[in-house]
Amino acid sequence: MGNLSGANDLLAALAVAREPDVALQVFDEMPAHGLVPDAWTFSTLIVCHCLKNSLDDATRILDFMVENELSPSVATFTTLVNSFCRKGEMQKAFEVVGVMKKVGCEPTIQTYNCLIKGLCYVGRVEEAYEMLGKIKKESVSIEPDIYTYTAVMDGFCKVGRSPEAKELLDEALEAGLVPNVVTYNTLFNGYCKEGKPVKGFGVLKLMKERDCTPDRISYITLIHGLLKWGKIRAALRAYKEMVGDGFEVEERMSNTLLRALCKISWKERDLLDDAYQMFKKMRSTGCAIDESSYGFIIQTLSVGNRNEEALFNMEHMMTMGHSPKMISLARVLRALCREGKLGKALSVLMDERLGHPSKEVYNVIINEFNRQGRWLCACNVYGMALKQGVVPEKKPEDAKGRVSVKSRQ
DNA sequence: GACGGGAATC
């Protein structure tokens, strides 16, 4: 490590690389090399102890520095203040600030921002807000920045006070500060938590007007909130906007939205096509479609009497290695029979990938053969079922409607 | 010379 500045550089590099343990080993070896730690060495050491979350050790070193007039810098103090705040140990954080002031080291806005975040974290939002007010009023050299506003806004949003958060945003804008994507995302989150997710569209508009590009967190927060509060049409709108902005929607969220769309389309039929379009888009872009989502879209197509498409996707589903729920299979087969497409229904039944069809599925086919008076065919299917160990309730009937198979007990 | 924001997970 050569000289002291070389050792200090090494320690700093290790701290940046998040290797505090190695750094502490290096520190221990310094005396053997005849190196006497200086203020910079101790400062880096404090950073390392903070990284390790050993804040007592960090505090001890800081006290040692103060006692020996190694004057820690604002950054060093702030590092420790931040570490205490992140753990919610506000009293200790304030004690550090007390030491700072005693030795004549003025806190910066970053120091205050750490305190504000900490106060919000432990639920003392009111004090955080007061601290913002104090900074505005009392200090001459320090002014709140966008981090300060964002922190207090987040505090308000976390306790369901989004209107006050919005007021703060307006205030920041008036003060000439430039909110960034995090500031806006804080509001999305607040609105969505409070059950006012549609207000998120206003935020979206506002940020775009102010040349702040929404990121994926903006959209994910918004869409999730809309889904949570049952605003399915709006969620679809946000989804389209997200895709339009060039973002990929996560598979899980796409599947959730798809299922929600399917479900609501059973009552609000105009959404049926939106659901199917979305499904097709997911399929074509290689988005993994859950087994349950397949079930939903198949049922949706059945509800819309689009049985060919339902069948097609059921077959596609099997290609993807999923087996359809027997209840949806029975529903689709029944619809096919109604349309006179018994051959098609039969070929599905014979599909090996299907595994073991349930008795309800066999019932549908046997019933149809009975209806057409095709007794022999009905018997064949019945036999197939028995071979699979399934006993359908429907029995083959002859032309006079007599049951020709005795029920087994 | 170093120190400060945000989301969800069927």
Side-chain angles (χ1 to χ4, degrees), chain A residues 4-5 8-18 23 38-48 50-51 58 62 72-86 93 96-97 100 105 107-118 120-121 128 142 144-155 157-158 165 172 177 179-193 197 200 203 207 212 214-228 242 247 249-260 262-263 289-293 295-296:
Chain A
L4 180 60
S5 96
N8 282 345
D9 287 347
L10 177 58
L11 288 176
L14 286 167
V16 170
R18 310 275 118 137
D38 64 0
W40 176 239
T41 318
F42 286 117
S43 298
T44 312
L45 223 51
I46 289 175
V47 172
C48 289
C50 287
L51 284 173
L62 189 81
S73 70
V74 199
T76 305
F77 277 114
T78 306
T79 302
L80 190 54
V81 170
N82 188 37
S83 298
F84 277 125
C85 289
R86 287 169 78 107
V96 176
V97 176
M100 267 179 104
C105 178
T108 63
I109 188 61
Q110 284 170 259
T111 319
Y112 286 113
N113 289 348
C114 295
L115 290 171
I116 287 177
K117 273 205 74 73
C120 293
Y121 175 66
I142 298 176
D145 64 8
I146 196 60
Y147 284 78
T148 324
Y149 277 96
T150 306
V152 183
M153 284 171 64
D154 192 42
C157 286
K158 292 242 157 74
L177 297 173
N180 53 42
V181 69
V182 180
T183 316
Y184 292 108
N185 287 354
T186 298
L187 261 188
F188 281 116
N189 193 29
Y191 286 143
C192 290
K193 277 219 168 77
V203 180
M207 66 193 293
C212 178
D215 62 8
R216 45 197 312 287
I217 295 185
S218 320
Y219 282 114
I220 286 174
T221 310
L222 176 61
I223 295 175
H224 190 265
L226 291 165
L227 286 173
K228 180 176 162 189
M242 180 172 184
F247 290 105
V249 184
E250 277 163 35
E251 290 177 344
R252 197 152 163 184
M253 178 165 268
S254 298
N255 277 285
T256 309
L257 175 57
L258 176 64
R259 285 192 296 265
C262 284
K263 222 167 167 176
I289 298 169
D290 293 347
E291 194 165 297
S292 70
S293 299
F296 271 95

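Chain naming here is simple, since letters A, B, ... match the order of the sequence lines and numbering starts at 1 in each.
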Of all the nucleotides listed (B/dA7, B/dC10, B/dG5), which has the minimum atom distance to the side chain of A/Asp290? B/dC10

Test side chain to side chain donor-acceptor pair (under 3.5 Å) on A/Thr186 and A/Thr183; report intermediate values, then the result. CA-CA 5 Å; A/Thr186 298; A/Thr183 316; over 6 Å; no

Among B/dA7, B/dA2, B/dG5, which is the nearest nucleotide to the side chain of A/Tyr147? B/dG5

Counting only side-chain N and O atoms of A/Asn82, is one of them less than 4.0 Å from OP1 or OP2 of B/dC3? no

Tell me what A/Lys193 touches on the nucleic acid: a base, only sugar-phosphate, or nothing, going by heavy atoms under 4.0 Å. sugar-phosphate

Regarding A/Ser218 and A/Asp215, do their side chains bring together a donor and an acceptor under 3.5 Å, going by distance alone? yes

Residue A/Asn8, side-chain atoms from C-beta onward, closest of B/dA7, B/dG1, B/dA2: B/dG1

Nearest whole angstrom, please: distance from the P of B/dA2 to the CZ of A/Arg18. 13 Å

How close or far is atom C1' of B/dA2 from atom CZ of A/Phe77, stated in whole angstroms? 14 Å

Counting any heavy atom closer than 4.0 Å, what does A/Thr148 reach on the DNA or RNA strands: base, sugar-phosphate only, or nothing? nothing

Please report the distance, rounded to the nearest Å, between CE in A/Met242 and C1' in B/dA7. 11 Å

Figure out the CG/C1' separation between A/Leu227 and B/dC10, and round it to whole Å. 11 Å

Among B/dA7, B/dA2, B/dG5, find the nucleotide with the atom closest to the side chain of A/Ile217. B/dA7

Check whether any side-chain heavy atom of A/Tyr219 sits under 4.5 Å from a side-chain heavy atom of A/Pro214, and report yes or no. yes

Partners meeting side chain to side chain contact (heavy atoms under 4.5 Å, CB included) with A/Ala13 (sequence neighbours left out): none

Is the base of B/dA2 touched by the side chain of A/Ser73 through a donor-acceptor pair closer than 3.5 angstrom? yes

Starting at atom OH of A/Tyr184, determine the distance to atom P of B/dA7, rounded to an integer number of angstrom. 18 Å

Pick base, sugar-phosphate or nothing for A/Thr221, based on heavy-atom distances below 4.0 Å to the nucleic acid. sugar-phosphate

What contact category does A/Asn255 fall into here, base, sugar-phosphate, or nothing, at under 4.0 angstrom with non-hydrogen atoms? nothing

Remember a base hit wins even if backbone is also touched, and classify A/Thr79 as base, sugar-phosphate or nothing at under 4.0 Å, heavy atoms. sugar-phosphate

Who pairs with A/Tyr147 by side chain to side chain contact (heavy atoms under 4.5 Å, CB included), at least two apart in sequence or on another chain? A/Asn113, A/Asp145

Taking only the side-chain nitrogens and oxygens of A/Arg86, find out if one of them lies under 4.0 Å from OP1 or OP2 of B/dG5. yes

Which nucleotide wins on minimum distance to the side chain of A/Thr256, given the candidates B/dC10, B/dG5, B/dA7? B/dC10

Tell me: CG of A/Asp9 to C1' of B/dG1, nearest whole Å? 8 Å

Considering only side-chain heavy atoms of A/Arg259, which listed nucleotide, B/dA2, B/dC10, B/dA7, is closest? B/dC10

The side chain of A/Lys158 is closest to which nucleotide in this list: B/dA7, B/dA8, B/dG5? B/dA7

Separation of A/Asp154 atom CG from B/dA7 atom P, in whole Å? 6 Å

Select one nucleotide: of B/dC3, B/dC10, B/dG1, the one nearest the side-chain heavy atoms of A/Trp40. B/dG1

To the nearest 0.5 Å, tell me how far A/Asn189 CG sits from A/Ile217 CD1. 10.0 Å

With respect to the side chain of A/Asn180, which nucleotide from B/dG5, B/dA8, B/dG1 is positioned closest? B/dG5

To the nearest Å, how far apart are A/Met253 CE and B/dA7 C1'? 9 Å

